[in-house]
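Comments concern the structure below.
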Protein chains: 2
Amino acid sequence: MREAKRKRLESRGWKIGNAKDFLNLSPEESAFIEMKLELAESLRAHRERQNLTQVELAKLVKSSQSRVAKMEAGDPSVSMDLLVRSLLALGASKRKVVKIISPLKRSSAI
Amino acid sequence: MREAKRKRLESRGWKIGNAKDFLNLSPEESAFIEMKLELAESLRAHRERQNLTQVELAKLVKSSQSRVAKMEAGDPSVSMDLLVRSLLALGASKRKVVKIISPLKRSSAI
DNA sequence: TGAGTCTATGTCCATTCTGACATATACTCA
DNA sequence: TGAGTATATGTCAGAATGGACATAGACTCA
């Protein structure tokens with residue numbers, strides 16, 4: 001719990017300041033964290049783009065809302081595997097932007 | 001042990017034939033496996049280009065020869081995290097790695 | 001032939017990650 | 001106000017993955 005919290009804070013630090021040497025991280029470690037954060041942001045962006053809630057995405061990837069929240073928060077407890085899998089699931093998802101437009105044209109939206 | 005072997009064979013199958021529906025894998029699962037195999041190949045390529053043995057690479061990434069062998073073999077027991085970390089440790093650029101694992105950019109799905 | 005080197009495979013136990021649950025916060029709307 | 005909905009955070013038991021070890025196979029060289 002100590003370590004977990006520290007790591008989470010570190011991630012946040014990266015997200016905001018993006019300082020090179022925020023803490024004693026090797027270049028590879030930094031690159032790895034940055035990649036995970038990019039995936040996390042991308043995940044949120046794509047989810048919102050498709051007007052899905054975290055609960056819906058969770059169902060889509062057979063996970064839970066809380067884990068989706070952690071994915072998007074760049075929580076250190078989520079693996080790159082899970083992030084990538086989720087992105088793939090979102091990409092393959094055929095549920096579209098229908099929700100907003102549906103009153104006008106029902107169902108036609110792809 | 002049963003399941004593990006099955007998955008390993010599947011991976012091999014993909015590597016060779018790259019048949020779409022070799023076994024009942026969803027498109028996302030297939031894409032994910034293919035990504036891991038690309039990372040695995042890339043890892044071996046990088047290592048060999050630098051004339052390192054598996055033992056030396058293992059030392060570099062604080063792992064063991066057997067695990068390196070499994071990484072390069074695309075064994076299902078190795079995570080994408082480990083593959084990416086190892087590639088970065090070998091000096092692969094973040095950009096290059098992202099190119100392999102960033103799903104939605106390459107598959108055009110939104 | 002046999003020793004040396006490199007890689008592959010199986011197994012074990014410890015560490016890490018995951019889904020699920022509980023709970024809290026924030027926002028909207030009536 | 002309070003109910004409804006969406007997201008955030010903590011926790012934990014079980015699943016997935018990790019390093020290490022043993023061992024086998026393939027190859028070279030003397």
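Each chain gets a letter, A, B and so on, in the order the sequences are listed, and its residues count up from 1.
Put simply, the side chain of Ser64(B) and the base of dC21(D) share no donor and acceptor less than 3.5 Å apart. On a pure distance criterion of 3.5 Å, a polar donor-acceptor pair joins the side chain of Lys70(A) and the base of dT11(D). The base of dC17(C) lies outside donor-acceptor range of the side chain of Ser79(B), with no N or O pair under 3.5 Å.
Among the nucleotides dC21(D), dT7(C), dG19(C), the one closest to the side chain of Leu82(A) is dG19(C). Set against dA8(C), dC6(C), dT7(D), the side chain of Gln54(A) has dT7(D) as its closest nucleotide.
Across the protein-nucleic acid pair, Arg67(B) atom CZ and dA16(D) atom P stand 15 Å apart, rounded to whole Å. If you measure from atom CG of Leu52(B) to atom P of dT5(C), you get 17 Å, rounded to the nearest angstrom. The nearest whole Å value for the distance from the CG atom in Asp81(B) to the C1' atom in dT18(C) is 13 Å. Atoms CD (Gln65(B)) and P (dA8(C)) sit 8 Å apart, rounded to a whole Å. What separates CG of Leu83(A) from C1' of dC17(C) is a distance of 12 Å, to the nearest Å. Met71(A) places its CE atom 13 Å from the C1' atom of dA20(C), with the value rounded to the nearest Å. Asp75(B) has its CG atom 12 Å from the P atom of dT11(C), to the nearest Å. Taking atom CG on Leu57(A) and atom P on dA8(D), their separation rounds to 12 Å, with Å as the unit.
Between Ser77(B) and dT17(D), a side-chain N or O to OP1/OP2 separation shorter than 4.0 Å is absent. Regarding contacts with the backbone of dA8(C), a side-chain N or O of Arg44(B) is found under 4.0 angstrom from either OP1 or OP2. Not one side-chain nitrogen or oxygen of Ser63(A) sits closer than 4.0 Å to the OP1 or OP2 atom of dT18(C).
Here Met35(B) contributes atom CE and Leu88(A) contributes atom CG; the two are 4.5 Å apart, rounded to the nearest 0.5 Å.
A donor-acceptor pair under 3.5 Å is formed between the side chain of Glu56(B) and the backbone N or O of Thr53(B). With hydrogens and angles disregarded, a donor-acceptor distance shorter than 3.5 Å links the side chain of Lys36(B) to the backbone of Val78(B).
If you check every strand for non-hydrogen atoms under 4.0 Å, Arg85(A) touches nothing. Val68(B) comes within 4.0 angstrom of nothing in the nucleic acid, heavy atoms only.
With a 4.5 Å cut-off on side-chain heavy atoms, Glu38(A) and Lys94(B) count as touching. Residues Val61(A) and Arg67(A) form no side-chain contact, since every pair of their non-hydrogen atoms from C-beta on lies 4.5 Å or further apart.
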